[in-house]
Asks: 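What follows is a single structure, and I will ask about it in a moment.
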Amino acid sequence: MKKIIKNIFKIFLLLIVAGIIFIAFANYNIKKQSAPYLSNNLSTFPNTKTAILLGTSKILNNGMPNAYFYNRIQAAIDLFKSGKIQYIIVSGDNSTKEYNEPEDMQLTLMKYGIPKDRIILDHAGFRTLDSVVRAKEIFGQTKIIIISQKFHNERAVFLARKNGIEAYGYNANDVNKYAGLKTNMREYVAKAKVYWDLLFEVQPKFGGEKIVIP
């Protein structure tokens, strides 16, 4: 019995080590492959019809403003006003009536002078995968600039390009490394999950009718 328990423990340890190695590989490979397409320099981007602004909550659980949200908003404003893009798809979670990331982004962008008719709402961007795939399948975009923080853009651009989209990532300012520690730790696992999604050809949670962007 002791020998069986010992063998099970060894197998368990091997699985943990294998998991750590796989997560490290996934993070390294995604960062490496996406690096040529990411920048925080506006002049490096081609003129592109549409950008996707990836959603996050406007307010933190403690009631304080979310710096990730406002830094992404500022990046979207800078990109639009540079003339590099004509439209912004605001894609995020709207799983409940009280929580509406796309509308929060739309209203904030409008507050800073972005015309309402240049903002396209995607209420079904529940995951990064959903946002980038829906940009192609629902909104008909095969060339996009994705707006988020660098760590997030690495994964988003990688996913988009694996789904046949010519994607670039405009990196919004990050937050204090201590304030963003939990988010960055979670991102390590999220990058590993990308390979699961690709292997099993995971699709967005919702489809829908195609929406034409003028």
Side-chain angles (χ1 to χ4, degrees), residues 23 26-27 29-39 45-46 48-57 68-69 72 75-76 79-80 84-96 99-106 109 118-172 183 186-214:
I23 291 173
N27 277 264
N29 197 47
I30 288 174
K31 289 180 180 182
K32 181 180 179 181
Q33 290 199 36
S34 63
Y37 310 107
L38 307 183
S39 178
F45 293 101
T48 306
K49 183 177 182 179
T50 309
I52 303 177
L53 176 56
L54 297 178
T56 187
S57 58
Y68 284 116
F69 176 92
R72 292 181 197 182
L79 188 61
F80 183 86
K84 291 287 184 179
I85 58 170
Q86 302 173 48
Y87 294 91
I88 303 171
I89 299 174
V90 289
S91 183
D93 189 348
N94 181 209
S95 54
T96 68
Y99 187 76
N100 194 328
E101 289 177 356
E103 187 174 287
D104 285 343
M105 289 188 287
Q106 179 195 44
L109 287 170
R118 296 290 172 161
I119 305 170
I120 313 297
L121 295 170
D122 178 14
H123 291 101
F126 300 109
R127 297 176 53 204
T128 304
L129 171 70
D130 296 50
S131 294
V132 298
V133 173
R134 282 174 58 82
K136 179 182 178 183
E137 300 299 329
I138 302 300
F139 298 97
Q141 304 304 297
T142 56
K143 181 179 179 182
I144 55 175
I145 297 175
I146 301 172
I147 304 166
S148 190
Q149 276 71 29
K150 181 182 178 182
F151 70 86
H152 192 190
N153 274 340
E154 291 168 341
R155 175 162 52 98
V157 167
F158 180 85
L159 272 168
R161 287 186 168 264
K162 289 297 182 182
N163 280 278
I165 303 169
E166 183 185 344
Y168 303 88
Y170 181 41
N171 300 331
T183 299
R186 188 168 60 237
E187 182 64 23
Y188 281 102
V189 178
K191 281 187 171 70
K193 192 175 184 302
V194 164
Y195 286 90
W196 174 278
D197 292 338
L198 291 173
L199 178 63
F200 291 98
E201 298 181 346
V202 176
Q203 296 299 308
K205 186 175 182 179
F206 291 108
E209 296 182 4
K210 295 189 181 299
I211 298 172
V212 177
I213 298 178

Asks: I'd like to check the side chain to side chain contact (heavy atoms under 4.5 Å, CB included) partners of R118; sequence neighbours left out, ordered by chain and number.
Replies: F80, Q86, Y87, P115
Asks: If you look at every heavy atom in K32 and P36, which pair is closest and at what distance?
Replies: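 Where K32 meets P36 most closely, the heavy atoms are O-CD, 3.6 Å.
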Asks: Test of understanding: with side-chain hydrogen bond (donor to acceptor under 3.5 Å, both in side chains), list the residues that count as partners of N171, not counting sequence neighbours.
Replies: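 Partners of N171 under the side-chain hydrogen bond (donor to acceptor under 3.5 Å, both in side chains) test: N153.
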Asks: Can you tell me how far the CZ atom of R155 sits from the CG atom of L129, to the nearest 0.5 Å?
Replies: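 Between atom CZ of R155 and atom CG of L129 there are 9.5 Å.
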Asks: Please report the closest heavy-atom contact between I88 and I85, naming both atoms and the distance.
Replies: CG1-CD1, 3.7 Å
Asks: Could you pull out all residues at least two apart from T50 that satisfy side-chain hydrogen bond (donor to acceptor under 3.5 Å, both in side chains)?
Replies: Q141
Asks: Identify, with sequence neighbours excluded, every residue that meets salt bridge (charged side-chain N to carboxylate O under 4.0 Å, His left out) alongside R72.
Replies: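 None.
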Asks: Please check if atom NZ in K193 has more than 12 non-hydrogen atoms from other residues, nucleotides or ligands closer than 6.0 Å.
Replies: yes
Asks: Considering only distance and modelled atom types, tabulate donor-acceptor pairs under 3.5 Å from the side chains of residues 160-169, sequence neighbours left out.
Replies:
from : atom 1 : to   : atom 2 : distance (Å)
R161 : NE     : A167 : O      : 2.9
R161 : NH2    : A167 : O      : 3.0
N163 : ND2    : L159 : O      : 2.8
E166 : OE2    : Y168 : OH     : 2.5

Asks: As an exercise, state the distance from CG of L109 to CG of D104, rounded to the nearest 0.5 Å.
Replies: 11.0 Å
Asks: Do you know which two heavy atoms are closest between P102 and L121, and how far apart they sit?
Replies: O-CD2, 3.6 Å
Asks: Taking atom CG of N100 and atom CE of M105, what is their separation to the nearest 0.5 Å?
Replies: 8.5 Å
Asks: Between atom CD1 of I213 and atom CD1 of I138, what is the distance when rounded to the nearest 0.5 Å?
Replies: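 With rounding to 0.5 Å, CD1 (I213) is 11.0 Å from CD1 (I138).
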Asks: Among pairs that include at least one residue of residues 125-136, which meet salt bridge (Lys or Arg N to Asp or Glu O under 4.0 Å), considering only residues two or more places apart or in two chains?
Replies: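 Residue pairs with at least one partner in residues 125-136: D122-R134, R127-D197.
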Asks: Would you indicate whether the side-chain heavy atoms of F158 and T128 approach each other to under 4.5 Å?
Replies: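 They are not in contact (no side-chain heavy atoms under 4.5 Å apart), so the answer is no.
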Asks: Output all residues satisfying side-chain hydrogen bond (donor to acceptor under 3.5 Å, both in side chains) with S95, sequence neighbours left out; order by chain, then residue number.
Replies: D93
Asks: With rounding to the nearest 0.5 Å, note down the distance linking CD in E137 to OG1 in T142.
Replies: 11.0 Å
Asks: According to side-chain hydrogen bond (donor to acceptor under 3.5 Å, both in side chains), who are the partners of K49, at least two apart in sequence or on a separate chain?
Replies: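 Not a single residue meets the side-chain hydrogen bond (donor to acceptor under 3.5 Å, both in side chains) criterion with K49.
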Asks: Determine whether a donor-acceptor pair (N or O, by modelled atom type, separation under 3.5 Å) exists between the side chain of K191 and the backbone of F151.
Replies: yes
Asks: A192 and A26: which non-hydrogen atoms are nearest, and at how many Å?
Replies: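 Heavy atoms of A192 and A26 come nearest at CA-CB, 3.6 Å.
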Asks: Using salt bridge (charged side-chain N to carboxylate O under 4.0 Å, His left out) as the criterion, list what pairs up with K205, not counting sequence neighbours.
Replies: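 Per chain and number, K205 pairs via salt bridge (charged side-chain N to carboxylate O under 4.0 Å, His left out) with no residue.
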Asks: Write down the atom of A135, the atom of I52, and the distance for their closest heavy-atom approach.
Replies: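 Between these two residues, the closest heavy atoms are CB-CD1, 3.3 Å.
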Asks: Give a yes or no on whether Y188 atom OH has more than 12 heavy-atom contacts from other residues, nucleotides or ligands under 6.0 Å away.
Replies: no
Asks: Under the criterion side chain to side chain contact (heavy atoms under 4.5 Å, CB included), I'd like the reasoning laid out for S57 against Y99: C-alpha separation, chi angles, the key distance, then a yes or no.
Replies: CA-CA 8 Å; S57 58; Y99 187 76; 3.2 Å; yes
Asks: Once ring pair (Phe, Tyr, Trp, His ring centres under 6.0 Å) is applied, what residue pairs with a partner in residues 120-142 remain, sequence neighbours excluded?
Replies: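 Found F126-F206.
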Asks: Looking at every heavy atom in both I30 and E154, which two are closest together, and how far apart are they?
Replies: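 Scanning both residues, the minimum pair turns out to be CG2-O, 3.5 Å.
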Asks: Run the salt bridge (charged side-chain N to carboxylate O under 4.0 Å, His left out) test against E101 and tell me which residues pass, sequence neighbours left out.
Replies: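 Salt bridge (charged side-chain N to carboxylate O under 4.0 Å, His left out) list for E101, sorted by chain: empty.
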